[in-house]
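I have placed the structure first, in the form of structure tokens, so that the comments after it can refer back to it.
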Amino acid sequence: MSTTMTITPEPTTSDGIGDKPVLRVRDLQVTFTRAGKRIRAAKGVSFNVRPGKMLAIIGESGSGKSVTVRALMGLLPPSARVSGSADLDGRELVGLSDRKMRLVRGQEISMVFQDPARSLNPTMSVGAQIVESVRTHRTIGRKDAAERAIELLKLVRLPAPEKRFHQFPHQLSGGMRQRVMIAIALASDPKVLIADEATTALDVTTQAQIMELLVDLRERLGTAVIMISHDLGLAASYADEVLVMYAGQVVEQAETSELFANVRMPYTRALLEAIPQVSRPSHSALTVIGGHPPDPSQRIEGCPFRPRCVRATETCVTAPALQEHEAGHWYACWHPVTGALAPGPASGTDGEPGVLEPGEESDS
Amino acid sequence: MTTENSIEDTGPERPEPLLSVRNIVQEFESRGPGGVKEGVVHAVSDISFDLMPGETLGIVGETGSGKSTLARAVIQVDRPKSGSVVFRGEDLTGLSRKELKKVWSNFQMVYQDPFSSLNPRWRIEDVVAEPLDSHRSLSRQERRAKVRELLDLVGLDPDTYLRRRPMELSGGQAQRVAIARAIALDPAVIICDEAISSLDVLIQAQVINLFEKLRVELGLSYLFIAHDLATVKQVSDRVAVLYLGQLAEIAPSDRMYETPRHPYTRALLDSVPGLDPETGVAKRPITLPGDVPSPLDPPSGCRFRTRCPFAQDVCAAVEPRLEPCSGGGFVACHFPLDDDGLTTNGHPEGAKAAQPA
């Protein structure tokens, strides 16, 4: 596999905890061919995940966040071409044969999806499904596997685990089902757990419960967690590190507190301003930007956010590289937001404060 | 529970309510395997509220709290078991199906998934014109002119979109088309049932702003059902909090979000992950333990008592009535929270919970 490492972020290596990353992704590229068109879904994504840490990957639909983690899991359709490198504790995942991938998937890296109702088998009891997962990955007697299943249900704090063991998915609430999914995902002590919008379909109250559980498991088991989400507030509340994706690229990356205290990328800024806030008065207008993310089948010249960016200038025709501009803070932008967080291009630009009319859209 | 008129807020000016919902009860029979009667689902129990002209009433609550059932009962899609719904002086509960059809042009729904509510084979022009075709008789030119006007209003260029089909649209564009169709008959009330929940953050903000624009320009009233409390705050004048089919609290939104009176409202607000866009400081949610009890067998007394940190014996014995509370609005709680988030029952948890997270 080709490994052209033009960009190699090693975020937060300087903090010197000495935690070796359990997963090192470098220059991951995913392309599809659909109706004769080449679609580049992920373009050179690189990141590290450390044991016991939670990394949030943030982005809109089509930003490439799900494609990236599915590539790691070997869950993409055969038409997908994956290149780059993903090193999981010394084992290269990119280019692994289906048969070998099956030994890794669910065993060393596992995933929890958005809709627990559709991920579970409605005709099998909860216990049987966990037992199945336990026995897939190791040689273990039926009785021991059942004991392990109960243990797992306790681990994910499902109330009355012995009773739930015999129940069917439809007898559980959405939150309980997601706990069962997490139990299944943890059946073989994976090194990395991926939660792909795992709380999006749940109520806020249940969402908070499940996130607390993930944070707790991460601490107790030392599992590395990658959470995929579109919810900035959720990422800010729980993740240790945040990676923002746009049009298949990583555009900003830093430790959570650093990133949200000093948002540099205008796209991240726009996301932040578009979220309704409980603290704002009713009927206050939200700051919105026009346009759409670029068509992934079209070649993009320069910064992909350029057509929608209020800070864009001619400089942006050249693609900015993802660089560590400040200690531990990576971003790909020629005109980062600096200083006070006043919206609009008037706030301190570093360099030429050229202003283009916002949102010249190709469509709509 | 609530007597007539007790629900009304005392605002500065009080025009006639557009919609007066009184003591709505909706129950369904639940059948287990083999069609055996299991019990009665208490989906909506005795809910009353008013909706003013030009007002947005947010409706929040967890899954199964009865938000959508309430909306459907209000517009008589599923006839409520009891209660009354008075719209412009006319009680809808007594109307025949035929009479209802005429009234329905005043109520339009916008759903969560625009693609499943738009016919994929139709062109956008026909999708938007469908309500016009069945309620008005327009000439071809009038019809096209009206559709163009509607698309303009929702921010879609008519020349680009008239001839397209739903699958050629993005989620945000499709939702705009659904909104254009909803406003085609100049309705009085738009019911948004999780209308923006499946959209991306940036598109969501655009659609919220569109709803606001239409409210101002067309004088629309909204029933805005959503599970996202921040979004509801953004658009609503007043908010109703539902728990297990009952109103826990209904109040002007600023008051409710600043000083929630019901412990459940408080718990909901606490579980929202917050992020201050100015400082970048995140607010970690405080979790409310447990699940919503089954609506087949709701707890006695206050339905929230099984999860309430302040519950006392009286909460199990006596069902709290919806009563006016300080700062405006109504709350159904024996021990409502005060401005500092303390309960009036002297429970030690009251003081603990009051500490900022």
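Quick note on labels: first sequence line is chain A, next is B, and so on, each numbered from 1. Bear in mind the structure is a predicted one, so any value in this text is a computation, not a measurement.
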Donor-acceptor pairs under 3.5 Å, side chain of residues 287-294 of chain B to any protein atom, not counting sequence neighbours: which ones?
from: B:Asp291; atom 1: OD1; to: A:Ser173; atom 2: OG; distance (Å): 3.4
from: B:Asp291; atom 1: OD2; to: A:Ser173; atom 2: OG; distance (Å): 3.3
from: B:Ser294; atom 1: OG; to: B:Leu296; atom 2: N; distance (Å): 2.9

Practice item. Examine distances only and state if a side-chain atom of B:Arg31 and a backbone atom of B:Val36 form a donor-acceptor pair shorter than 3.5 Å. Key: no
Check your understanding: Going through the distances and angles, do A:Gln209 and A:Arg157 end up as a side chain to side chain donor-acceptor pair (under 3.5 Å)?
Key -> CA-CA 10 Å; A:Gln209 292 174 7; A:Arg157 294 207 220 97; over 6 Å; no
Check your understanding: Which class fits the ring pair A:His170 and A:Phe168: parallel under 30°, tilted 30 to 60°, perpendicular over 60°?
Key -> parallel
Review point. Roughly how far, to the nearest 0.5 Å, is the CG atom of B:Asp270 from the CZ atom of B:Arg284?
Key: 14.0 Å
**Study point:** Spatial distance of atom OG1 (A:Thr199) from atom CD (A:Gln114) [nearest 0.5 Å]
**Key:**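 So the gap between those two atoms works out to 9.0 Å.
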Practice item. Measure distances from A:Gln277 to the heavy atoms of chain B and classify the residue's part below 4.5 Å as side chain, backbone, both or neither. Key: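 When you check distances to chain B, atoms from both the backbone and side chain of A:Gln277 fall under 4.5 Å.
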Exercise for review: Against chain B, label A:Thr256 side chain, backbone, both or neither, depending on which of its atoms sit under 4.5 Å from a heavy atom there.
Suggested key: neither
Point to revise | Interface residues of residues 192-204 of chain B facing chain A - non-hydrogen atoms under 4.5 Å apart | key: B:Asp200, B:Val201, B:Leu202
Point to revise | Neighbourhood of chain A inside residues 211-226 of chain B, taking heavy atoms under 4.5 Å as contact | key: B:Glu212, B:Arg215
Engaged part of [X] at the chain A interface, taking heavy atoms whose separation is under 4.5 Å:
X: B:Thr231; result: both
X: B:Asp237; result: both
X: B:Leu169; result: neither

Point to revise | Residues in residues 174-181 of chain A that sit under 4.5 Å from chain B, counting heavy atoms only | key: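 Counting heavy atoms that sit under 4.5 Å from chain B, the residues of residues 174-181 of chain A involved are A:Met176.
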**Study point:** Contact check, side chains of A:Cys333 and A:Val251, non-hydrogen atoms, under 4.5 Å
**Key:**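 No; the side chains remain at least 4.5 Å from each other.
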Review point. Side-chain contact, heavy-atom cut-off 4.5 Å: B:Val177 with B:Gln173?
Key: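 A side-chain contact is absent here, since even the closest heavy-atom pair is not under 4.5 Å.
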Check your understanding: If you tally heavy-atom pairs under 4.5 Å against chain B, which of A:His230, A:Glu258, A:Glu212 wins?
Key ->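 If we count pairs closer than 4.5 Å to chain B, A:Glu212 comes out on top.
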Point to revise | Largest heavy-atom contact set with chain B, pairs under 4.5 Å, which of A:Ala270, A:Gly59, A:Ser237, A:Ser61 | key: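 Top option by heavy-atom pairs under 4.5 Å: A:Ser237.
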Please find the pair of heavy atoms, one from [X] and one from [Y], that lie closest to each other, and give the distance.
X: A:Leu155; Y: A:Leu213; answer: O-CD1, 3.8 Å
X: B:Leu275; Y: A:Ala236; answer: CD1-CB, 3.6 Å
X: A:Asn262; Y: A:Glu252; answer: O-OE2, 4.0 Å

Point to revise | Contact winner vs chain A - B:Ala205, B:Ser170, B:Gly58, heavy-atom pairs under 4.5 Å | key: B:Ala205
